[in-house]
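Worksheet for the structure shown next.
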Amino acid sequence: MGEFDLIARYFTRPARRSPLGVGDDCALLQPRPGMQLAVSTDLLLEGRHFLSTVDPARLGHKALAVNLSDLAACGAEPLAFTLAIALPRVDEAWLAAFAAGLMALADAHACELVGGDTTRGPLAIDITAFGEVPAGGALLRSGARTGDDLWVSGTLGDARLALEAFRGTVSLPQEVFDAARARLEMPQPRIALGLALRGVATSAIDISDGLLADLGHVLRKSGVGATVEAAPACALLAAARGGWAAERERIEDLVFAGGDDYELAFTAPPAARDAVQAAAAQSGTPVARIGLIESQPGLRVVGADGRPLARRFAGFDHFGA
Ligand code: ADP
Ligand code: MG
């Protein structure tokens, strides 16, 4: 099977929302009047971002999910995406499963594949997603203000727990492992929440590298600091809620520096608490208040007694140790 047959069979669908999809030199996108395009790219490499043993349908899902998560963090509505893929060989069963997982998530968000590039090489997947957001209405990292509450959606740390189980550093009861593995391999981008938070949240980011590392980006861009309360944050590890017990420090590591969560961390003034809860209810996404934005720069994690935890948490950094 040649490159063009492969594209035709697995990656060509009729364009519905876009004026022109796969097949020409460019695709054409048409944001509605008054809307800006929100654009995000993520590159996934075998060995670095996913394991070679991962189910291809789940890989297809995740490759798009991580990009849609970026759109969610900006309050953007998905419109279209492109797919650049390097494949070591043409494996039709693999391609069919990959495309099925990819397209199922795309269809769930009415986000259509409009183009890409296909080449032979070590397995790599690069998706660029395009979304729409009202001009001037995107949620940015730079908008957090002193006195804002700090909120997080969903659960934190479970994806990293699954990764540690794969690495053999922890052994989990089967149900806990299955749930954590689904968080690692099938993250659900918080699109509906991002849309509902337009005009409510002052800033937002999606958590891909770990809560504290990503929150650090918001604080630097906004020129503020924050205090995070360890207790409500650690309550967000679903595995712990499900009865899995570990030392407190291990749970803190998972929740604060786990990575691959694809939840939203966002800020909003206390006067908007009801509006935040309404956005959560409207989008069917649980949210929890875990801290406070302060004028004092830096990031402090405090225990139940209000005293700072003595330990440091490493963020996940691809160029770090
Ligand atoms: P060009 O050489 O002009 O860049 P290509 O021959 O690479 O075009 O691709 C032909 C068409 O197929 C283009 O419309 C391109 O966007 C699309 N395409 C290529 N690879 C993919 C892919 N993996 N998924 C979706 N569309 C693709
Ligand atoms: Mg090309």
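Excluded from the calculations below are hydrogen atoms, water molecules and symmetry mates; all remaining heavy atoms, backbone and side chain alike, are included. Counting starts at 1 for both ligands and their atoms, following the listed order.
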Report yes or no: does a heavy atom of Y10 sit under 4.0 Å from some atom of ligand 1? no

Would you compute the distance between atom OG of S203 and atom CG of L215 and round it to the nearest 0.5 angstrom? 8.5 Å

More than 12 heavy atoms of other residues, nucleotides or ligands under 6.0 Å from CZ of R311: yes or no? yes

Taking atom CG as the centre, does D24 end up with more than 12 heavy-atom neighbours from other residues, nucleotides or ligands that are less than 6.0 angstrom away? yes

For R183 and T155, does a side-chain donor sit closer than 3.5 Å to a side-chain acceptor? yes

To atom 17 (C) of ligand 1, the nearest of L6, I85, L20, V22 on a heavy-atom basis is V22

Nearest heavy atom to atom 19 (C) of ligand 1 wins, so pick from G115, G21, G116. G116

Looking only at heavy atoms, is any part of [X] under 4.0 Å from ligand 1, and if so is it the side chain, the backbone, or both, or is it neither?
X: T118; result: both
X: V114; result: neither
X: L83; result: both

Just say parallel, tilted or perpendicular for the rings of W151 and F266, cut-offs at 30° and 60°. parallel

Is any N or O atom of G23, backbone or side chain, closer than 3.5 Å to an N or O atom of ligand 1? yes

Compare every heavy atom of L299 with every heavy atom of G216, then report the nearest pair and how far apart it is. N-CD2, 4.5 Å

